[in-house]
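First the structure, in the form of structure tokens, and then the observations on it.
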Amino acid sequence: MRIAVTGSIATDHLMTFPGRFADQLVADQLHTVSLSFLVDNLDVRRGGVGANIAFGMGLLGTRPVLVGAAGADFDAYRSWLDRHGVDTGSVRISEVLHTARFVCTTDSDHNQIGSFYTGAMSEARLIELKSVSDRVGGLDLVSIGADDPEAMLRHTEECRTRGIPFAADFSQQIARMDGDEIRILLDGATYLFSNEYEKGLIESKTGWSDEEILSKVGHRITTLGARGVRIERAGEDPIEVGCAEEERKADPTGVGDAFRAGFLSGLAWGVGLERAAQVGCMLATLVIETVGTQEYTLRRTHFMDRFTKAYGDDAATEVRAHLS
């Protein structure tokens with residue numbers, strides 16, 4: 001099963017200021033702020049929704065096709081993804097813009113000042129899925145993740161026109177989208193991903209009830225934080241899968257992307273929905289135990305030992321056959 005993952009490609013530049021921002025602000029001069037903070041360290045991390053999901057799928061051996069836009073500074077990031085089993089041949093490289101970037105400084109009180117540079121991500125709207133499909137010999141599923149909004153709409157419409165099954169996954173972009181855009185993006189989706197808060201926001205913005213949304217998508221997949229995930233289909237009992245036990249909790253960033261990577265990999269293997277969700281939950285557990293969205297490793301024996309403990313021998317036997 002050939003899966004394309006569309007979504008943002010970005011780097012995070014994270015800095016730590018040892019003092020307090022509040023101590024540097026003058027109450028009657030806030031209309032003319034001019035500040036510079038001497039920071040202690042700089043942590044540069046690879047990120048972006050599309051790249052995070054594709055990385056996890058690559059570790060699981062399913063060779064995803066990453067579809068997104070980056071800048072000429074993408075070479076080192078591309079090499080990293082290539083080494084970890086991601087097909088980056090359909091990433092568009094901008095001739096004028098840098099790869100999207102999040103720059104954030106955190107003070108000693110955990111207050112943050114951040115900026116997000118969209119950069120090359122805005123050119124994702126210029127990517128045609130037909131050219132991607134022709135290059136790889138066809139697509140069985142396209143996961144449409146948070147990206148340039150125009151790109152998300154274009155990819156969705158193209159999937160409908162060409163009859164390619166697609167997964168709708170708005171995540172961070174749902175806050176800026178209106179009801180009409182959300183209706184377009186989810187109608188006819190084979191899979192609709194969201195967390196619990198986003199689920200309520202989708203219903204509020206579209207004006208559609210839970211039942212109405214279920215009638216418009218094949219499967220509604222809602223991540224429930226520490227409680228795992230729920231998969232719903234119209235007219236059928238929901239499937240609920242719990243999380244694997246954590247060894248520690250280091251950083252929740254990227255956990256949702258890791259779940260999607262595991263779930264989509266399960267689909268690529270051809271296992272059932274419950275099993276795919278279990279793989280997703282196990283991969284998400286590895287990410288929450290690591291600082292950074294692509295800093296975790298997947299050792300087959302370790303992964304399978306923990307998967308067996310969480311979900312039993314029968315589930316492990318089925319997954320082990322696919323995990324290389």
Handout entry: Residues clustering with Leu14 (ILVMFWY side chains joined when closer than 4.5 Å, directly or via others)
Key = Phe102, Phe116, Met121
Problem - Salt-bridge present (Arg299, Asp305; N to O < 4.0 Å) - result: no
Problem - Non-hydrogen atoms of Gln172 and Ala146 that approach each other most closely - result: OE1-CB, 3.6 Å
Exercise for the section: Determine, step by step, whether Val319 and Trp269 satisfy the side chain to side chain contact (heavy atoms under 4.5 Å, CB included) criterion, reporting the C-alpha distance in whole Å, the side-chain angles of both residues, the deciding distance to 0.1 Å, and the verdict. Expected result: CA-CA 9 Å; Val319 168; Trp269 293 335; 4.0 Å; yes
Exercise for the section: Supply the atom-to-atom distance Leu139 CG to Cys159 SG, rounded to the nearest 0.5 angstrom. Expected result: 8.0 Å
Handout entry: Cationic N near anionic O, under 4.0 Å, Arg46 to Asp12
Key = no
Exercise for the section: For Arg45 and Thr293, test the side chains for any donor-to-acceptor distance below 3.5 angstrom and give the result as yes or no. Expected result: no
Handout entry: Any side-chain heavy-atom pair of Ile221 and Val229 under 4.5 Å
Key = yes
Exercise for the section: State, to 0.1 Å, how close Gly262 and Val279 come at their nearest heavy-atom pair, and which atoms those are. Expected result: O-CG1, 3.6 Å
Problem - CZ (Arg83) with more than 12 external heavy atoms under 6.0 Å - result: yes
Practice task
Kindly indicate whether the side chain of Met57, heavy atoms from C-beta on, has any atom under 4.5 Å from the side chain of Arg63.
Solution key: no
Exercise for the section: Please determine, by modelled atom types, if Arg20 and Ser108 share a side-chain donor-acceptor pair under 3.5 angstrom. Expected result: no
Practice task
Kindly assign one of parallel, tilted or perpendicular to the pair Trp80 and His84, based on the angle between their ring planes and the thresholds 30° and 60°.
Solution key: tilted
Handout entry: Atom pair CD1/CG of Ile3 and Leu66 - distance to nearest 0.5 Å
Key = 13.5 Å
Problem - Donor + acceptor pair across side chains of Gln112, Thr106 (<3.5 Å) - result: yes
Problem - Point-to-point distance, once rounded to the nearest 0.5 Å, from NZ of Lys205 to CG of Leu201 - result: 5.0 Å
Exercise for the section: Determine the interplanar angle of the Tyr77 and Phe74 rings, folded into 0 to 90°, and report it as parallel if under 30°, tilted if 30 to 60°, perpendicular if over 60°. Expected result: tilted
Exercise for the section: May I have the step-by-step check of side chain to side chain contact (heavy atoms under 4.5 Å, CB included) for Ile231 and Arg220, ending in yes or no? Expected result: CA-CA 6 Å; Ile231 303 171; Arg220 189 170 196 184; over 6 Å; no
Handout entry: Residues Glu123 and Ser94: side-chain donor-acceptor under 3.5 angstrom
Key = yes
Handout entry: Heavy-atom neighbours of Asp313 CG exceed 12 at 6.0 Å
Key = no
Handout entry: Asp82 side chain to Thr88 side chain, donor-acceptor N/O pair below 3.5 angstrom
Key = yes
Problem - Heavy-atom check, side chain of Arg176 versus side chain of Pro149, under 4.5 Å - result: yes
Problem - Phe166-Tyr191 aromatic ring centre distance below 6.0 Å - result: no
Problem - Exercise: identify the closest heavy-atom pair between Thr223 and Phe259 - result: CG2-CD2, 3.8 Å
Practice task
Taking the side chain as every heavy atom from C-beta outward, state whether Glu232 and Ile239 have any pair of such atoms under 4.5 Å apart.
Solution key: no
Practice task
Evaluate whether atom CG of Leu35 has more than 12 neighbouring non-hydrogen atoms of other residues, nucleotides or ligands under 6.0 angstrom away.
Solution key: yes
Problem - side-chain contact (heavy atoms from CB on, under 4.5 Å) involving Pro165 - partner list, sequence neighbours excluded - result: Leu141, Thr190
Fill in the blank from the handout: Closest non-hydrogen contact found for Ile9 with Ala70 is CG2-CB, 4.5 Å
Problem - No-hydrogen, no-angle side-chain donor-acceptor test under 3.5 Å, Ser122 and Asp148 - result: no
Problem - Charged N-O contact under 4.0 Å between Glu158 and Lys130 - result: no
Problem - Sole residue of Thr6, Val5, Leu129, Val132 in side chain to side chain contact (heavy atoms under 4.5 Å, CB included) with Ser90 - result: Val132
Handout entry: Side-chain heavy atoms of His302 within contact of Leu286, under 4.5 Å
Key = yes
Handout entry: Partner set under side-chain contact (heavy atoms from CB on, under 4.5 Å) for Glu318, not counting sequence neighbours
Key = Val271, Arg275
Exercise for the section: Establish, yes or no, whether a centroid distance under 6.0 Å links the rings of Phe303 and Tyr296. Expected result: no
Practice task
Verify the distance criterion only: is there a donor paired with an acceptor across the side chains of Thr99 and Asp73 at less than 3.5 Å?
Solution key: yes
Handout entry: Beyond-backbone contact of Trp208 with Arg183, side-chain heavy atoms, under 4.5 angstrom
Key = yes
Handout entry: Pairwise distance OG(Ser171) to CD(Glu198) - rounded to 0.5 angstrom
Key = 6.0 Å
Handout entry: Nearest heavy-atom neighbours spanning Val287 and Ala258
Key = CG2-CB, 3.3 Å
Exercise for the section: Decide side chain to side chain contact (heavy atoms under 4.5 Å, CB included) for Val255 and Asp257; before the verdict, give the C-alpha distance in whole Å, the side-chain angles of both, and the deciding distance to 0.1 Å. Expected result: CA-CA 5 Å; Val255 169; Asp257 295 338; over 6 Å; no
Exercise for the section: Give a yes or no on this: more than 12 heavy atoms of other residues, nucleotides or ligands lie within 6.0 Å of atom NE2 of His219. Expected result: yes
Problem - Gap separating the CD atom of Glu157 from the CG atom of Leu185, nearest 0.5 angstrom - result: 8.5 Å
Exercise for the section: Kindly give the heavy-atom pair with the smallest separation between Thr290 and Asp251, and that separation in Å. Expected result: O-CB, 3.6 Å
Handout entry: Arg306 with Glu247: basic N within carboxylate O range, under 4.0 Å
Key = yes
Exercise for the section: Apply side chain to side chain contact (heavy atoms under 4.5 Å, CB included) to the pair Leu81 and Gln294, showing each step before the final yes or no. Expected result: CA-CA 10 Å; Leu81 293 171; Gln294 296 179 31; 3.9 Å; yes
Practice task
Starting at OG of Ser204, measure out to NZ of Lys199 and round the result to the nearest 0.5 Å.
Solution key: 12.0 Å
Practice task
Would you check, one step at a time, whether the test side-chain hydrogen bond (donor to acceptor under 3.5 Å, both in side chains) holds for Asp147 with Gln173?
Solution key: CA-CA 7 Å; Asp147 203 347; Gln173 290 292 29; over 6 Å; no
